[in-house]
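Values below: every heavy atom of this structure, side chains too, minus hydrogens, waters and symmetry copies.
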Amino acid sequence: MSEEERNLIEILEENIPIDISKYINYVQSPHCGAIATFAGTTRDTFEGKAVLELRYEAYVPMAIRCIKSICLSARSSWNLSSIAVAHRLGPVPVGETSVFIATSAVHRADALDACKFMIDEVKASVPIWKKEVYTNGEVWKENLEFLERRDELCKPVADQGTVCGEKVEARREKRGCCAGKVKVVVNLDS
């Protein structure tokens with residue numbers, strides 16, 4: 001089975017709750033000793049304001065593409081068996097799950113580290129937007145992970161230098177749909 005076949009990615013339409021057991025069952029395997037999960041739920045207050053619900057919107061084709069890319073990155077860093085990611089759209093009332101991630105691996109460290117990486121990357125780079133609805137108003141929210149990623153991408157990179165005796169130049173470029181990278185150009189002409 002290819003790595004892509006061991007990923008279950010779903011962006012759920014309005015009013016469809018996340019079936020946590022479905023995703024845990026998907027990643028479960030007799031050869032895995034660990035399943036790590038993360039469930040993001042709507043809390044009832046934020047900075048002293050009473051929260052009624054969260055509302056999510058997404059650019060679904062790009063969101064799925066970005067999550068696939070995040071799955072590939074996780075697989076390149078950790079020895080994973082299966083990954084499941086589900087995110088709801090529309091209103092998510094207090095106490096309900098809006099995002100769920102499950103990873104499975106032979107050993108717990110891989111499953112736990114990959115699960116944390118997955119949720120951090122989903123919040124930082126996937127085009128899913130959140131509005132918090134309060135008893136006295138509403139506001140679109142940017143995730144802290146997104147703000148940190150944006151600030152990191154705006155930092156200058158070293159213009160030129162040498163690596164192993166070779167003259168190099170670093171240039172910041174867009175990578176895929178989800179993040180930035182630094183391209184290193186070797187053997188520059190003066």
Side-chain angles (χ1 to χ4, degrees), residues 7-27 34-71 73-74 77-78 80 83-104 108-109 111-155 174-180:
N7 297 335
L8 176 58
I9 300 166
E10 294 184 335
I11 306 295
L12 304 171
E13 296 299 321
E14 282 195 33
N15 301 314
I16 299 176
I18 293 176
D19 180 358
I20 291 173
S21 62
K22 170 185 175 179
Y23 302 102
I24 291 173
N25 289 337
Y26 178 82
V27 300
I35 295 174
T37 64
F38 173 83
T41 58
T42 303
R43 62 180 174 262
D44 64 357
T45 57
F46 180 76
E47 294 182 351
K49 296 182 236 173
V51 175
L52 296 175
E53 67 184 11
L54 300 179
R55 293 184 191 152
Y56 291 93
E57 292 183 12
Y59 178 38
V60 175
M62 184 178 279
I64 290 171
R65 194 166 56 241
C66 287
I67 295 170
K68 285 180 180 179
S69 176
I70 293 167
C71 289
S73 293
S77 297
W78 296 280
L80 299 173
I83 301 170
V85 179
H87 204 300
R88 286 178 66 176
L89 298 181
V92 181
V94 169
E96 291 189 18
T97 302
S98 56
V99 60
F100 186 77
I101 296 174
T103 58
S104 63
R108 71 177 177 268
L112 289 166
D113 291 346
C115 190
K116 181 182 183 323
F117 167 81
M118 294 287 303
I119 188 57
D120 289 347
E121 288 299 305
V122 165
K123 291 179 67 96
S125 61
V126 176
I128 297 175
W129 302 281
K130 173 176 71 175
K131 181 187 284 188
E132 287 188 354
V133 180
Y134 308 110
T135 54
N136 62 348
E138 54 190 39
V139 64
W140 286 101
K141 301 292 286 197
E142 291 179 313
N143 289 316
L144 177 61
E145 295 83 356
F146 168 79
L147 295 173
E148 290 170 350
R149 174 73 49 83
R150 182 195 64 195
D151 292 345
E152 182 181 311
L153 291 174
C154 292
K155 289 180 186 174
K174 185 164 174 54
R175 177 188 72 171
C177 65
C178 302

Problem set entry | Side chain T97, main chain A39, donor-acceptor under 3.5 Å | no
Exercise. Of the non-hydrogen atoms in Y26 and A84, which two are nearest, and what is the gap between them?
Worked result: CD2-CB, 4.2 Å
For this session: Mind checking the OG1-CG spacing from T135 to D44? Nearest 0.5 Å is all I need.
Result: 11.0 Å
Problem set entry | Separation of I101 CD1 from H87 NE2 (nearest 0.5 Å) | 8.5 Å
Problem set entry | Side chain proximity check, F100 to K22, heavy atoms < 4.5 angstrom | no
Seminar exercise, completed: Closest heavy-atom pair, R88 versus I16, reported as atoms and distance to 0.1 Å, is NE-O, 3.4 Å
Exercise. Quick check: does any side chain N or O of T103 sit under 3.5 Å from a backbone N or O of I83, one acting as donor and the other as acceptor?
Worked result: no
Exercise. Do any N or O atoms from the side chain of S73 and from the backbone of S69 form a donor-acceptor pair under 3.5 angstrom?
Worked result: yes
Problem set entry | Separation of I64 CD1 from N7 CG (nearest 0.5 Å) | 12.5 Å
Exercise. Should I128 and V99 count as side-chain neighbours, where that means a heavy-atom distance under 4.5 Å?
Worked result: no
Exercise. So how far is it from M62 CE to I67 CD1, rounded to the nearest 0.5 Å?
Worked result: 12.5 Å
Problem set entry | Euclidean distance, M118 CE relative to K123 NZ, rounded to 0.5 Å | 14.0 Å
For this session: State, to 0.1 Å, how close Y59 and W129 come at their nearest heavy-atom pair, and which atoms those are.
Result: N-CZ3, 3.4 Å
For this session: Give the minimum heavy-atom separation between T37 and C115, together with the two atoms involved.
Result: C-SG, 3.6 Å
For this session: To the nearest 0.5 Å, tell me how far I70 CD1 sits from F117 CZ.
Result: 6.5 Å
Exercise. How close do L89 and A58 get, heavy atom to heavy atom, and via which atoms?
Worked result: CD2-CB, 3.5 Å
Exercise. Around atom NZ of K141, are there more than 12 heavy atoms of other residues, nucleotides or ligands at under 6.0 Å?
Worked result: yes
For this session: Measure from the side-chain N and O atoms of Y56 to the backbone N and O of E14, and report whether any donor-acceptor pair falls under 3.5 Å.
Result: no
For this session: Over all heavy atoms of both residues, which pair between A34 and A111 is shortest? Give the atoms and the distance, please.
Result: CB-CB, 4.0 Å
Sequence neighbours left out, cut at 3.5 Å: what donor-acceptor pairs do the side chains of residues 47-54 make with other protein atoms?
unit_1	atom_1	unit_2	atom_2	d
E53	OE2	R55	NE	2.6
E53	OE2	R55	NH2	3.0

For this session: Answer yes or no: are there more than 12 heavy-atom neighbours, outside E138 itself, under 6.0 Å from its atom CD?
Result: yes
